[in-house]
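Presented below is the structure to which this report refers.
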Amino acid sequence: MDMDMDMDDLYLDNIDEFVNDQNKIVTYKWLSLTLGVHVNTAKQMLYHYLEQKRRESSGTPLHATYLVSGKFVENGSTCHKVSVVREDKLDAVKAKMDVTISVHVYSVQRAELKDSSPLYSTDYDAVKENLKNCSKYSAIRCAAAVPMASVELQKAQEVALVPPVEKEINKPRLNENTSATSKPSTKQPTGIMGMFASKNASKSQESSKEVKTEQKDDSSLVETSKTKPASKANPMSNFFGKPAQKKVDEKPNKSIKEETDGDSAASTTASVKLSQPSPKSEFAIKEERSKVSSALKAESKDTRNKSKRPEVVDSDDEKMDNQQKKRRRIKKPQPDSSDDEVVPDSPPVPTKQIPSPKKQVKREPVSHQESSEVKRRKRRRVLKSHTFVDEDGSFVTEKGYVSESYSESEEEPEPKSQAKDSSSLKQSFGKREEEKKEKSQKKTSASNKSTKQPSIMGFFQKK
Amino acid sequence: MATLTRQDLNFGQVVADILCEFLEVAIHLILYVREVYPSGIFQKRKKYNVPVQMSCHPELNQYIQDTLHCIKPLIEKNEAEKVVVVIMDKEHHPVERFVFEISQPPLLSISSETLLSHVEQLLRAVILKISVCDAVLDTNPPGCTFTVLVHTRETATRNMEKVQVIKDFPWIVADEQEVHMEEAKLIPLKTMTSDILKMQLYVEEKTQKT
């Protein structure tokens with residue numbers, strides 16, 4: 001790569017000023033947006049700066065984080081893992097990978113970061129300012145990723161309100177969900193979905209089935225549906241190739257609870273991710289998406305963990321075979337996706353409603369599957385925090401995901417087995433400063449609450 | 001957005017709300033970054049669209065909330081000059097003081113629609129600066145505690161002593177030793193200026209901490 005123009009010493013002084021004088025965290029993405037250079041150039045710049053400073057070994061110590069991606073075998077299944085690691089953990093993480101595909105400097109800073117939040121904050125404003133062209137310097141390209149014209153977008157959104165042909169549903173739903181992010185790159189599903197829907201809904205059952213399953217992927221938040229992307233994504237992933245699988249962000253230090261929910265191997269999601277400039281902005285999008293908690297947030301981390309899940313695919317196919325031409329797929333809004341435009345109540349329709357858990361903690365076992373066969377039934381995972389004093393006199397806070405099932409029409413509450421993920425923190429009361437963190441998973445008996453929780457997504461809509 | 005002026009009590013409340021929310025996040029973050037409490041009690045939450053660390057300990061949270069609840073009336077009336085988070089070692093000698101100097105312009109008006117998002121952006125920047133402050137500060141000795149001081153203008157505290165805003169949560173005049181630190185280094189962290197609020201954050205750090 002010929003970068004002589006960029007690689008003069010000025011940039012080193014620039015970076016030096018940012019890092020040492022201003023005590024900033026310089027991520028490669030922030031640097032690329034600030035200096036107006038390609039991300040790969042920015043990565044090289046950071047690397048050279050780091051090398052130079054380390055060689056001089058004078059002045060204040062610098063800390064760096066790295067982005068490592070490679071093949072990783074977990075529980076017998078291989079996945080592609082991308083993670084941001086601190087320098088001191090770099091070798092350990094590299095050793096754990098089967099094949100290390102890429103390693104590059106993610107950020108340079110003076111402070112030794114305790115957690116990854118500042119990394120996100122650093123990029124947030126820079127990306128926000130450059131929202132329209134945040135992928136200008138990115139290395140990831142997708143020809144079909146073009147923003148929708150506003151007229152088209154409006155039309156698509158109106159269309160979403162009416163139970164239409166499924167082709168149109170794909171577009172607006174994806175757009176609605178992603179429009180919250182207001183990133184042009186995420187509107188490109190029209191292009192890609194357009195390819196599949198291919199302008200006539202009565203195309204071969206195959207493709208529409210594919211579209212449907214894909215759509216189901218999007219709309220379902222049950223872990224069961226994770227298998228679908230795995231299997232159905234094959235034609236899709238062939239289309240996109242390797243990068244489609246790639247986009248999983250993992251912050252090693254602390255588990256990012258809800259924000260990693262966007263990791264989906266569903267190809268639409270992959271296609272959305274494909275056009276994003278970097279894992280970081282994908283993280284931003286995931287943040288936004290998790291706010292909207294859209295159908296795209298189907299699986300939490302299955303790209304990393306493709307362990308066996310109960311197959312629902314067959315039942316899906318079955319259902320689809322039964323569908324006639326005019327499929328009425330009404331998107332059931334997730335409890336926490338607050339798209340008010342979407343029609344929440346649908347006329348009785350043979351389409352099945354896939355229950356949807358709300359958020360998932362990483363360590364949640366796959367095994368707690370709720371049945372997905374029930375119509376118009378939703379499940380929601382609600383994080384409940386319960387603080388009490390145990391026998392030692394120490395405070396225990398248990399945070400558990402309780403899967404609450406409720407149905408839209410509040411007709412038939414069904415008892416389902418639930419899994420409760422709890423991480424309990426023991427906190428000492430007074431001067432004792434020890435605590436332990438335990439994570440345990442239990443199955444608890446189902447609770448038959450059919451109360452609807454008010455959606456908090458209303459706040460985020462206003463933005 | 002309507003144009004509100006200082007005379008509207010509503011406006012003072014808005015600013016006080018924003019500021020107290022911010023101070024709550026900032027105090028939690030300071031406790032996390034300076035390792036006053038073990039990091040296990042903190043969990044990631046979201047504020048101003050970025051992740052921040054907040055504590056889960058109910059007593060600690062309650063204490064911080066009560067503290068800010070009492071400070072709020074002072075801010076509403078623009079009587080609070082500084083809010084200081086003092087970190088003290090085992091012998092109750094202050095080792096670090098995070099000083100938030102606050103001032104509100106006398107004649108304020110909210111005229112811009114993007115004002116609040118601008119303020120949010122500025123507060124986000126302050127939060128970020130707190131996150132990286134450990135680069136410029138020395139490590140604290142183990143076993144530190146913290147306290148919150150408020151410096152007010154004129155005689156506002158006399159009222160505070162008379163009227164307990166929260167029951168059983170009295171405010172007392174701070175000891176001289178907590179207020180002044182010998183051999184202090186001054187490290188500025190961040191300044192923010194906006195239409196409704198001006199804030200400066202700096203750290204007074206004891207040169208020799210142990």
Side-chain angles (χ1 to χ4, degrees), chain A residues 19-20 22-25 60-63 109-125 128-129 251 253-259 283-284 287-288 290-291 383 385 387-389 395-399 423-437 460 463, chain B residues 25 28-62 90 114 116-118 120-139 142-145 187-190 203:
Chain A
V19 173
N20 275 322
Q22 298 179 17
N23 192 17
K24 272 177 144 47
I25 301 177
T60 48
L62 291 177
H63 296 94
Q109 65 274 344
R110 269 172 69 190
E112 183 174 356
L113 297 177
K114 286 202 188 51
D115 78 327
S116 58
S117 323
L119 292 175
Y120 176 75
S121 307
T122 308
D123 288 338
Y124 183 88
D125 282 310
K128 201 164 147 200
E129 276 173 35
K251 310 286 179 180
N253 298 337
K254 302 269 154 87
S255 57
I256 298 184
K257 356 183 251 200
E258 287 81 10
E259 276 79 24
F283 183 61
E287 287 256 78
E288 303 271 274
S290 74
K291 283 196 296 192
L383 176 61
S385 180
T387 309
F388 57 93
V389 181
F395 275 99
V396 174
T397 303
E398 281 193 356
K399 290 183 280 208
S423 66
S424 58
L425 299 174
K426 276 213 191 303
Q427 299 157 10
S428 54
F429 185 45
K431 300 292 180 200
R432 281 188 301 147
E433 299 277 52
E434 15 158 356
E435 76 257 348
K436 298 171 256 173
K437 238 190 235 187
F460 302 114
K463 292 193 179 167
Chain B
V25 173
H28 281 264
L29 196 57
I30 290 173
L31 296 178
Y32 175 74
V33 174
R34 301 312 292 149
E35 292 175 338
V36 179
Y37 295 114
S39 51
I41 66 167
F42 293 93
Q43 63 168 171
K44 257 194 204 172
R45 308 262 289 273
K46 187 162 76 165
K47 187 69 185 172
Y48 310 127
N49 270 331
V50 292
V52 295
Q53 297 278 357
M54 303 273 288
S55 116
C56 304
H57 196 294
E59 293 246 336
L60 175 61
N61 292 355
Q62 192 60 43
K90 282 189 239 191
T114 55
L116 287 184
S117 70
H118 180 59
E120 185 180 289
Q121 184 180 4
L122 294 172
L123 294 177
R124 211 169 21 232
V126 182
I127 297 279
L128 183 57
K129 262 298 185 270
I130 299 178
S131 313
V132 293
C133 73
D134 61 320
V136 291
L137 298 173
D138 300 327
T139 344
C144 282
T145 55
I187 298 147
L189 282 189
K190 190 87 178 129
V203 185

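The analysis underlying the following values was restricted to heavy atoms, covering all of them including side chains, and did not include hydrogens, waters or symmetry mates. The chains referred to below are lettered A, B, ... by the order of the sequence lines, with proteins before strands, and numbering in each begins at 1. None of these values were measured; they are calculated from a predicted model.
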Problem - A:Ile25 side, atom CD1; B:Lys129 side, atom NZ - distance, nearest 0.5 Å - result: 9.0 Å
Completion exercise
Most contact-rich option vs chain A, by heavy-atom pairs under 4.5 angstrom, among B:Val136, B:Asp134, B:Val33, is B:Asp134
Exercise for the section: Please flag which part of A:Glu112 lies under 4.5 Å from any non-hydrogen atom of chain B: side chain, backbone, both or neither. Expected result: both
Exercise for the section: Would you indicate whether the side-chain heavy atoms of A:Asp115 and B:Tyr32 approach each other to under 4.5 Å? Expected result: yes
Problem - Interatomic spacing from NZ in A:Lys128 to OG in B:Ser117 - rounded to 0.5 Å - result: 5.5 Å
Handout entry: Pairwise distance OG(A:Ser117) to NZ(B:Lys47) - rounded to 0.5 angstrom
Key = 15.5 Å
Problem - Structural part of A:Glu129 lying under 4.5 Å from a heavy atom of chain B - result: side chain
Exercise for the section: Examine whether an atom of A:Asn23 lies under 4.5 Å from a heavy atom of chain B, and if so say whether it belongs to the side chain, the backbone or both; otherwise answer neither. Expected result: both
Exercise for the section: Considering non-hydrogen atoms only, spot the tightest contact between A:Ala111 and B:Val132 and give its length. Expected result: CB-O, 3.6 Å
Problem - Where B:Lys44 and A:Ser116 come nearest, the two heavy atoms and their spacing - result: NZ-OG, 3.1 Å
Exercise for the section: Side-chain contact test, heavy atoms from C-beta onward, threshold under 4.5 Å: evaluate it for B:Gln53 versus A:Lys114 and give yes or no. Expected result: no
Practice task
Over all heavy atoms of both residues, which pair between A:Tyr120 and B:Asn49 is shortest? Give the atoms and the distance, please.
Solution key: CE2-O, 3.4 Å
